[in-house]
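Residue numbers count from 1 along this sequence. Note that the coordinates shown come from a computational prediction; the quantities given were computed from them, not determined experimentally.
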Amino acid sequence: MDSCIIKSPIGYTKISGNTDGITSITVLDSEETVTDIIPETLQDCAYQLKEYFEGIRKTFSLKLNPEGTSFQKQVWDELLKIPYSKTTTYLELSKKLGDVKAIRAVAGANGKNPLWIVIPCHRVIGSDGSLTGYAGGLHRKQWLLEHESPYKQQSLF
């Protein structure tokens with residue numbers, strides 16, 4: 001398994017994967033040493049994330065290989081359908097998966113998403129519009145949603 005550390009506007013990010021695909025992208029809460037030479041298997045992912053943070057990329061075209069249960073993978077597949085700059089709720093996801101009562105299971109699978117940003121779990125919010133749990137921290141979730149928003153907050157000064 002190859003891995004590397006890159007720096008993003010919201011923290012150090014670890015990318016892991018191999019020739020079968022990217023297995024995880026996680027944001028780290030500690031300061032890390034940025035990888036000098038990114039393994040070939042991860043170069044495209046690092047480049048696409050850089051483009052995303054620069055506001056150039058809105059969709060990813062990567063070979064993904066996350067580990068999870070079949071239910072988790074179903075939820076993650078549904079997350080991939082959420083368009084850039086749009087949000088959905090856990091309830092709406094549960095309905096799309098065919099079981100409104102599975103809302104907690106859907107939220108749990110969302111929280112176990114190993115591919116930060118690429119599988120856009122940050123685009124799932126509470127039914128009341130509130131920012132709810134995010135493994136990377138709510139401040140990062142808010143940053144990502146604002147980054148994707150077509151309505152940029154202007155500074156008054």
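- Within 6.0 Å of the CD1 atom in Ile56, the count of heavy atoms belonging to other residues, nucleotides or ligands exceeds 12.
- Classification of Glu92 and Lys95 as a salt-bridged pair fails, no side-chain N sitting under 4.0 Å from a carboxylate O.
- Rounding to the nearest 0.5 Å gives a distance of 11.5 Å between CZ of Phe60 and CD1 of Ile22.
- A perpendicular orientation is assigned to the rings of His122 and Tyr52, their planes being inclined by more than 60° (bins at 30° and 60°).
- For the pair Thr89 and Gly126, the tightest heavy-atom approach, listed with the atom from each and the gap, is CG2-O, 3.7 Å.
- A distance of 9.5 Å separates CG in Leu42 from CE in Met1, rounded to the nearest 0.5 Å.
- Side chain of Ser94 to backbone of Tyr90: a donor-acceptor contact under 3.5 angstrom is found.
- Note that CD1 of Ile15 is 4.0 Å distant from CD1 of Ile6, once rounded to the nearest 0.5 Å.
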> Going through the checks in order, is the ring-ring contact (aromatic ring centres under 6.0 Å, His included) test met by Trp143 and His147?
Replying inline: CA-CA 6 Å; Trp143 189 96; His147 174 68; 4.9 Å; yes

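- A side-chain donor-acceptor contact under 3.5 Å links Asn113 to the backbone of Ile119.
- Distance check, rounded to the nearest 0.5 Å: CG of Leu79 to CD of Gln72 gives 11.5 Å.
- Looking at Trp76, its side chain does come within 3.5 Å of a backbone N or O of Ala109 through a donor-acceptor pair.
- Within 6.0 Å of the NZ atom in Lys7, the count of heavy atoms belonging to other residues, nucleotides or ligands exceeds 12.
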>> Before you tell me yes or no, could you show the steps for Tyr47 and Glu51 under side-chain hydrogen bond (donor to acceptor under 3.5 Å, both in side chains), namely the whole-Å CA-CA distance, both residues' side-chain angles and the distance that decides it to 0.1 Å?
In response: CA-CA 6 Å; Tyr47 183 74; Glu51 288 183 325; 3.2 Å; yes

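- Note: the hydrophobic cluster containing Ile125 also contains Tyr84 (ILVMFWY, side chain heavy atoms under 4.5 Å, direct or indirect links).
- Shortest non-hydrogen contact noted between Glu148 and Ser85 is O-CB, 2.9 Å.
- Here the options are Thr41, Thr35, Thr23, Thr19, the test is side-chain hydrogen bond (donor to acceptor under 3.5 Å, both in side chains), and the partner is Asp2; only Thr41 passes.
- Contact between Leu28 and Arg140 at its shortest, heavy atoms only, is O-NH2, 3.6 Å.
- With a 6.0 Å radius and a threshold of 12 heavy atoms from other residues, nucleotides or ligands, Glu54 has its CD atom above the threshold.
- Leu62 CG to Leu115 CG: the interatomic distance, rounded to the nearest 0.5 Å, is 9.0 Å.
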> What do the steps show when you test Lys141 against Leu138 for side chain to side chain contact (heavy atoms under 4.5 Å, CB included), and what is the final call?
Replying inline: CA-CA 5 Å; Lys141 182 173 188 165; Leu138 290 181; 4.3 Å; yes

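- Going from atom CG of Leu144 over to atom CZ of Arg123 covers 9.0 Å, rounded to the nearest 0.5 Å.
- Within the 3.5 Å criterion, the main-chain N or O of Ile10 finds a donor-acceptor partner in the side chain of Ser8.
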